[in-house]
Amino acid sequence: IGHFTDATAQAERILNRRPRNVYAHFVRGLTRYLLAARRFSLAIFRTLQSFIDSGRYEGSSMRKAAGQAAIDLQYVAADLNAAIHPQFKVAICPGCWQYDWNGDGRINRFDQRLFALKFDRQGNRLAGDDPRARPTFAFDVGDIHWALAYVSFQRAILDLLLAYRWAPLFDFIERENPENRLRLPLVNADRIAATKTHLLEGIASAMRARESILAETDDDREFLPNPKQRDYAILLDVDRGLFSRWQLVLEDIRQLVTGNHG
């Protein structure tokens with residue numbers, strides 16, 4: 001339903017007894033991610049709202065929030081890595097979660113529809129009470145690799161944010177600048193190296209996700225399907241060409257990140 005804090009605590013109790021329980025690691029990683037994402041998104045909203053209202057950028061609070069998010073995602077990645085197992089499979093229904101995502105103190109239409117599907121395969125809008133809007137996915141090991149890629153790319157973005165001091169950007173937006181020049185001071189060069197590391201980790205995880213999904217032989221409520229699978233809810237036609245392009249894009253990005261290509 002959305003008792004993520006309780007789910008985290010229950011997963012930790014299980015892990016205290018069985019440290020290698022892949023499902024407990026997955027639940028803790030998932031709930032940690034959701035709570036961390038909500039916390040950071042609310043911090044961004046508050047910072048932007050403060051800037052709009054007062055013209056002042058709260059850099060210290062934003063940097064603190066980004067630093068905490070980076071720590072949170074480090075733990076999430078560790079849990080997801082620990083959940084990798086060839087036979088892993090768990091049913092989840094993100095659209096069924098009831099939680100105050102936007103922090104306004106109540107569960108409103110936005111919260112109820114955040115993870116629900118908005119359109120069917122033909123592009124027709126789904127009604128809020130249509131059961132197709134809230135499918136259950138059989139999340140498996142290929143999807144964990146995909147989630148790890150997603151988390152790694154977000155960690156790279158956080159590293160980039162933490163590498164620079166961003167107050168000059170808001171000063172540039174708010175005030176006239178005769179030179180019309182923006183300079184962002186580099187305050188942590190190690191974060192630039194970490195950005196590259198996490199980008200490469202994300203690309204590697206995405207490649208493993210692609211290979212794992214292509215190797216699947218079942219066809220059960222797929223989150224990310226391969227061209228032979230038909231039981232899936234995403235609004236995307238999946239064929240061999242899509243997977244070929246996926247491989248080419250990942251390889252191109254890897255070559256760019258490593259500096260082999262310009």
Side-chain angles (χ1 to χ4, degrees), residues 25-26 29-30 32-33 36-37 40-41 44 63 66-67 69-86 88 137 139-166 168-169 172 181-217 222-229 232 234-262:
H25 275 294
F26 174 77
L30 174 64
R32 274 177 165 172
Y33 176 81
F40 186 55
S41 63
I44 294 174
R63 179 167 290 276
I71 294 171
D72 291 337
L73 292 191
Q74 179 181 354
Y75 286 117
V76 169
D79 271 325
L80 291 178
N81 271 302
I84 293 173
H85 188 278
F88 177 90
F137 299 101
F139 210 81
D140 55 26
V141 66
D143 303 319
I144 292 183
H145 287 301
W146 171 86
L148 272 167
Y150 193 78
V151 169
S152 293
F153 293 141
Q154 291 185 333
R155 293 178 73 187
I157 293 172
L158 287 170
D159 283 321
L160 200 60
L161 289 174
L162 290 164
Y164 294 92
R165 185 165 63 85
W166 294 91
L169 172 62
F172 184 84
R181 182 179 296 174
L182 173 63
R183 298 178 181 180
L184 299 176
L186 178 65
V187 295
N188 191 332
D190 290 342
R191 289 284 184 180
I192 298 296
T195 298
K196 179 177 179 179
T197 297
H198 290 137
L199 283 174
L200 292 175
E201 288 175 351
I203 294 167
S205 291
M207 288 179 169
R208 285 190 288 269
R210 177 186 172 279
E211 293 167 0
S212 181
I213 293 167
L214 276 176
E216 291 177 9
T217 57
E222 302 299 328
F223 181 69
L224 295 173
N226 67 36
K228 295 181 180 179
Q229 294 168 321
Y232 65 91
I234 62 171
L235 307 179
L236 185 67
D237 291 327
V238 178
D239 56 18
R240 284 281 174 183
L242 179 67
F243 273 76
S244 296
R245 290 189 295 276
W246 187 5
Q247 181 180 18
L248 292 172
V249 168
L250 288 173
E251 183 56 32
D252 278 350
I253 295 174
R254 190 182 69 83
Q255 295 286 354
L256 289 170
V257 173
T258 56
N260 293 330
H261 287 177

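Each residue takes its place number in the sequence, starting with 1.
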Between Leu158 and Thr195, does a side chain to side chain contact (heavy atoms under 4.5 Å, CB included) hold up when you go through it step by step?
-> CA-CA 8 Å; Leu158 287 170; Thr195 298; over 6 Å; no
Hey, could you give me the CG/CG distance between Leu169 and Leu182, rounded to the nearest 0.5 Å?
-> 5.5 Å
Pair Phe40-Leu73, side chain to side chain contact (heavy atoms under 4.5 Å, CB included): steps then yes or no | CA-CA 11 Å; Phe40 186 55; Leu73 292 191; over 6 Å; no
Supply the atom-to-atom distance Tyr232 OH to Phe137 CZ, rounded to the nearest 0.5 angstrom.
-> 12.0 Å
Run the side chain to side chain contact (heavy atoms under 4.5 Å, CB included) check on Gln154 and Tyr33 step by step: do they pass?
-> CA-CA 11 Å; Gln154 291 185 333; Tyr33 176 81; 2.9 Å; yes
Could you tell me which residues satisfy salt bridge (charged side-chain N to carboxylate O under 4.0 Å, His left out) with Asp237, sequence neighbours excluded, listed by chain and number?
-> Arg121
Quick one: closest heavy-atom pair of Leu184 and Trp166, and the distance?
-> CD1-CZ3, 3.3 Å
Can you sort out the partners of Arg208 under salt bridge (charged side-chain N to carboxylate O under 4.0 Å, His left out), two or more places apart, ordered by chain and number?
-> none
Would you please name every residue forming a side-chain hydrogen bond (donor to acceptor under 3.5 Å, both in side chains) with Tyr164, sequence neighbours left out?
-> none
Scanning both residues in full, the closest heavy-atom pair of Leu186 with Ala163 reads CD1-O, 3.2 Å
Looking only at heavy atoms, which two atoms of Ile84 and Ile144 are closest? And how far apart?
-> CG1-CG2, 3.8 Å
Contact summary for Ala77 and Val151, nearest pair of heavy atoms | CB-CG1, 4.3 Å
Sequence neighbours left out, what passes side chain to side chain contact (heavy atoms under 4.5 Å, CB included) with Ile71? Give chain and number order.
-> Gln68, Tyr75
Hits for ring pair (Phe, Tyr, Trp, His ring centres under 6.0 Å) against Trp146, two or more places apart or cross-chain, chain-then-number order -> Tyr150, Phe223
For Ser205 and Ala149, work out which heavy atoms get closest and say how close.
-> CB-N, 3.6 Å
Starting at CZ of Arg210, measure out to CG of Asn226 and round the result to the nearest 0.5 Å.
-> 11.0 Å
Results of side-chain hydrogen bond (donor to acceptor under 3.5 Å, both in side chains) for Glu216 - residues two or more places apart only = Gln229
Across all chains, not counting sequence neighbours, the salt bridge (charged side-chain N to carboxylate O under 4.0 Å, His left out) partners of Asp143 are none
Starting at CD1 of Ile157, measure out to CG of Leu199 and round the result to the nearest 0.5 Å.
-> 8.5 Å
Does Arg63 reach the main-chain N or O of Leu162 with its side chain, forming a donor-acceptor pair under 3.5 Å?
-> yes
Rounding to 0.5 Å, atoms CD (Glu211) and CD (Gln247) come to a distance of 8.0 Å
Does any non-hydrogen side-chain atom of Asp140 lie less than 4.5 Å from one of Glu222?
-> yes
Partners meeting side chain to side chain contact (heavy atoms under 4.5 Å, CB included) with Leu30 (sequence neighbours left out) = Phe26, Leu34, Trp97
Which residues satisfy the side chain to side chain contact (heavy atoms under 4.5 Å, CB included) test with Arg165, sequence neighbours excluded?
-> Ala167, Pro168, Pro185, Val187
All side chain to side chain contact (heavy atoms under 4.5 Å, CB included) counterparts of Gln255, not counting sequence neighbours = Glu251, Thr258, Asn260, His261
Would Asp239 and Leu242 count as a side chain to side chain contact (heavy atoms under 4.5 Å, CB included) if you check the C-alpha gap in whole Å, the side-chain angles of each, and the deciding distance to 0.1 Å?
-> CA-CA 5 Å; Asp239 56 18; Leu242 179 67; 3.5 Å; yes
About how many Å separate NZ of Lys196 and CG of Asp159, when rounded to the nearest 0.5 Å?
-> 14.0 Å
Could you name each residue pair satisfying salt bridge (Lys or Arg N to Asp or Glu O under 4.0 Å) that touches residues 70-84, not counting sequence neighbours?
-> Arg28-Asp79, Arg32-Asp79, Arg39-Asp72
For residues Ala83 and Phe88, report the shortest heavy-atom separation together with the two atoms involved.
-> O-CD1, 3.8 Å
Trp246 vs Ile213 side-chain heavy atoms within contact, under 4.5 Å | yes
Can you tell if the side chain of Val141 reaches within under 4.5 Å of the side chain of His85, non-hydrogen atoms only?
-> no
